[in-house]
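What follows is a set of notes on a single structure, which appears directly below.
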Amino acid sequence: QNCVDRKNYAKPYMIPLSLTTSPAKDVANNFKKTCPNKQIIKIEGVQNQMLYDSYWNERKKLIKLIGENKLNEMDVFHGTGQIDVMRYIATGGFRKEFSNTAVYGKGTYFARDANYSANGYCGQDSHGVF
């Protein structure tokens, strides 16, 4: 599927990833570090060319300002309890104005450890799946 054309530029595509190869295997290993008792059923990647371009352009700006060696990129986790919110994030990205919790002020929160997101902020469906 070509998501570069104008019609599909902002359309998210869910890409099934094999749990036995990277990057899903890396994500699963990172998740299991702090959630060893949770079963991973599947991992999907989100491909959204518009959001990727936005990320890449911001990354390039930071490199020009502070240098690539000072970038502080890391893998983080985010929990949500509603499928429609997950779909919105895949389409529009993480937007602070749509956060309802705002425990520490307006913003979108991420966790270094998966257990913080999985045990505190993820909902589950009728089958117990997050």
Side-chain angles (χ1 to χ4, degrees):
Q1 296 171 329
N2 182 4
C3 60
V4 178
D5 62 70
R6 187 178 313 173
K7 180 181 174 187
N8 296 314
Y9 181 63
K11 181 179 179 181
Y13 294 92
M14 301 306 290
I15 311 297
L17 302 173
S18 169
L19 293 174
T20 60
T21 59
S22 290
K25 187 175 182 179
D26 300 329
V27 171
N29 288 339
N30 196 8
F31 182 85
K32 288 290 191 177
K33 286 178 188 174
T34 61
C35 287
N37 298 323
K38 302 278 187 195
Q39 179 186 8
I40 297 173
I41 297 170
K42 71 177 178 176
I43 295 176
E44 294 177 316
V46 178
Q47 192 174 61
N48 180 322
Q49 190 64 48
M50 182 186 73
L51 294 179
Y52 182 79
D53 287 352
S54 179
Y55 154 76
W56 191 252
N57 289 330
E58 292 301 318
R59 186 180 192 279
K60 286 180 6 185
K61 286 182 205 174
L62 277 173
I63 289 171
K64 287 179 182 178
L65 287 171
I66 65 172
E68 191 166 10
N69 62 330
K70 291 188 178 179
L71 287 181
N72 186 19
E73 293 180 296
M74 64 180 69
D75 293 330
V76 293
F77 296 92
H78 179 78
T80 185
Q82 300 171 339
I83 193 74
D84 59 323
V85 173
M86 288 186 266
R87 288 185 185 121
Y88 183 81
I89 291 169
T91 302
F94 292 98
R95 307 268 307 268
K96 67 181 179 186
E97 61 268 23
F98 297 107
S99 174
N100 292 329
T101 52
V103 175
Y104 302 104
K106 279 197 165 196
T108 301
Y109 304 107
F110 299 93
R112 178 194 62 216
D113 298 334
N115 68 340
Y116 188 82
S117 294
N119 294 322
Y121 296 94
C122 286
Q124 53 186 307
D125 66 13
S126 60
H127 304 288
V129 177
F130 290 89

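Nothing here was measured: the structure is a model prediction, and the numbers come from that model.
- If you take NZ on K42 and CE on M14, they are separated by 7.5 Å, rounding to the nearest 0.5 Å.
- Here the straight-line distance linking atom CZ of F77 with atom CZ of F31 works out to 7.0 Å at 0.5 Å rounding.
- To the nearest 0.5 Å, atoms CE (M50) and NZ (K11) are separated by 14.0 Å.
- Following chains of ILVMFWY side-chain contacts shorter than 4.5 Å, one can reach I40 starting from I15, so the two form part of one hydrophobic cluster.
- The cluster map of Ile, Leu, Val, Met, Phe, Trp and Tyr, joined by side-chain heavy atoms under 4.5 Å apart, puts L17 and L19 in the same cluster.
- The shortest non-hydrogen separation linking V46 to A90 is CG1-CB, 3.8 Å.
- Put simply, the side chain of T34 gets close to the backbone of N115: a donor and an acceptor are under 3.5 Å apart.
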Tell me which donor-acceptor pairs under 3.5 Å the side chains of residues 60-67 have, and how far apart each pair is, sequence neighbours excluded?
unit_1, atom_1, unit_2, atom_2, d
K61, NZ, E58, OE2, 3.0

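- Annotation for S18 and A24: closest pair O-CB, 3.1 Å, computed over non-hydrogen atoms.
- Around atom NZ of K25, no more than 12 heavy atoms belonging to other residues, nucleotides or ligands sit under 6.0 Å away.
- The minimum heavy-atom distance linking C35 with A114 is given by the pair SG-C, 3.7 Å.
- A distance-only check finds a donor-acceptor pair linking the side chain of N48 to the backbone of A10 [under 3.5 Å].
- Clustering of Ile, Leu, Val, Met, Phe, Trp and Tyr side chains at separations under 4.5 Å places Y52 together with Y55, W56.
- Not a single salt bridge (charged side-chain N to carboxylate O under 4.0 Å, His left out) links R112 to another residue, sequence neighbours left out.
- The main-chain N or O of D26 is never found under 3.5 Å from a side-chain atom of N30 such that the two would form a donor-acceptor pair.
- The aromatic rings of F94 and H78 sit perpendicular, their planes meeting at an angle over 60°, well past the 30° parallel limit.
- Both V85 and V76 are assigned to one and the same hydrophobic cluster, defined by single-linkage of ILVMFWY side chains at heavy-atom distances under 4.5 Å.
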